[in-house]
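The structure under discussion appears below in the form of structure tokens.
Order of listing sets the numbers, starting from 1, for every ligand and every atom in it. The analysis underlying the following values was restricted to heavy atoms, covering all of them including side chains, and did not include hydrogens, waters or symmetry mates.
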Amino acid sequence: MIKHNEKLPIVVLISGRGSNLQSIIDQAASGELPVDIRAVISNRPDAAGLERARAAGIETAVVDHRDYPGRETFDAALARCIDRYRPRVVVLAGFMRILTPGFVRHYRGRLLNIHPSLLPAYRGLNTHQRALADGARRHGASVHFVTEELDGGPVILQAKVPVHPDDTPETLAARVLAEEHRLYPAALRLLAEGRIRLDNGQALLDDRPLETPLQLDRLTAGAD
Ligand code: GRF
């Protein structure tokens with residue numbers, strides 16, 4: 001159990017741009033978010049996010065999936081690399097590999113992901129395009145515990161955005177991404193404060209079942 005005055009040790013996994021990573025780095029650096037980013041690990045050596053980590057003086061590592069014959073061996077190597085840093089929580093921030101059930105079980109209750117939709121709507125890829133094609137009026141992003149079901153684990157926190165009539169997948173993605181940058185640090189703060197945990201496949205907030213995901217706007221309004 002993390003005490004309230006301790007920083008939550010985390011490792012962040014990325015595959016690309018790393019803008020969510022940057023928001024976590026920035027809030028950790030400003031003291032708003034009590035996490036200790038022990039390392040940033042990428043499956044792609046050219047991920048731009050690695051440079052963001054280096055610029056912030058954070059240790060980086062690459063476990064290139066192309067060096068392994070299959071998912072099991074890759075995930076085993078990835079877990080070995082992660083565990084060297086002894087994180088309490090593993091943060092998937094644009095990590096574009098499907099993880100094996102064994103990997104997910106190893107980090108049960110300690111593995112988080114951010115997904116660009118209001119889960120359970122639009123699991124998987126091309127979420128913005130699919131929301132527009134459906135004529136959705138609301139869209140957004142979710143932070144959830146990772147379970148063996150792809151994008152199916154209990155959702156902790158969501159942020160909603162309106163869909164505008166003239167939106168393209170790009171304009172909608174940009175609106176959602178701006179919210180993601182507030183959302184992930186806010187969800188991590190709840191974990192760092194020991195307020196959220198996974199118990200028997202269910203997310204608990206302050207030891208009570210979280211029946212519906214928390215909403216970022218209400219959370220921040222409540223904090224004022
Ligand atoms: C984000 O849209 C996130 O929701 C999804 O992948 C994207 C990562 O972006 N899982 P970035 O690498 O954090 O900029």
Side-chain angles (χ1 to χ4, degrees), residues 10-29 33 35 37 39-56 58 60-65 78 89-99 103-104 107 111-132 136 138-163 167-189 191 213-216:
I10 66 172
V11 162
V12 184
L13 304 192
I14 61 165
S15 296
R17 179 176 59 181
S19 70
N20 278 288
L21 164 68
Q22 189 69 58
S23 72
I24 297 167
I25 291 174
D26 292 346
Q27 287 220 13
L33 177 61
V35 297
I37 310 170
V40 171
I41 303 174
S42 173
N43 66 306
R44 305 190 69 101
D46 58 351
L50 288 170
E51 202 36 60
R52 297 178 189 264
R54 286 183 203 114
I58 298 166
T60 61
V62 173
V63 183
D64 191 333
H65 60 278
L78 183 61
V89 171
V90 177
V91 176
L92 306 180
F95 184 70
M96 301 303 285
R97 301 292 301 170
I98 292 175
L99 296 161
F103 182 96
V104 172
Y107 296 105
L111 190 56
L112 289 189
N113 184 40
I114 188 161
H115 183 77
S117 78
L118 297 173
L119 290 171
Y122 310 118
R123 295 177 183 182
L125 298 175
N126 303 320
T127 57
H128 310 302
Q129 221 165 347
R130 287 155 63 204
L132 286 176
R138 288 287 192 86
H139 189 46
S142 307
V143 172
H144 65 96
F145 283 110
V146 177
T147 60
E148 289 161 38
E149 196 183 342
L150 185 67
D151 299 329
V155 177
I156 300 168
L157 187 62
Q158 291 185 323
K160 294 193 173 86
V161 301
V163 179
D167 265 333
T168 62
E170 292 72 29
T171 58
L172 184 53
R175 194 173 308 121
V176 171
L177 191 65
E179 289 302 303
E180 290 186 37
H181 296 160
R182 302 170 54 225
L183 190 68
Y184 225 162
L188 285 169
R189 188 174 307 117
L191 258 101
L214 294 167
Q215 299 299 318
L216 183 63

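- L157 approaches L216 most closely through the heavy-atom pair CD1-N, 3.8 Å.
- The single protein non-hydrogen atom nearest to atom 10 (N) of ligand 1 is I114 O, 3.0 Å, given as residue, atom name and distance.
- Looking at atom 1 (C) of ligand 1, its nearest protein heavy atom turns out to be E180 OE1, 3.1 Å.
- When only non-hydrogen protein atoms are considered, atom 6 (O) of ligand 1 lies nearest to G94 CA, 3.6 Å.
- For the pair N113 and ligand 1, the shortest N or O to N or O distance does not fall below 3.5 Å.
- More than 12 heavy atoms of other residues, nucleotides or ligands lie within 6.0 Å of CZ in R123, so this atom counts as buried by the packing criterion.
- The two residues V155 and S142 make their nearest non-hydrogen contact at CG1-CB, 4.0 Å.
- In this structure, K160 does not pair ionically with E179, as no charged nitrogen and carboxylate oxygen lie closer than 4.0 Å.
- Atom OH of Y184 sits about 5.0 Å away from atom CG of L112, to the nearest 0.5 Å.
- Between G18 and ligand 1, at least one N/O pair is under 3.5 Å apart.
- The shortest contact between atom 9 (O) of ligand 1 and any protein heavy atom is with R17 NH2, 3.0 Å.
- A 4.5 Å side-chain heavy-atom check between V161 and L172 finds at least one atom pair inside the cut-off.
- Nearest non-hydrogen protein atom to atom 11 (P) of ligand 1 is S19 N, 3.4 Å.
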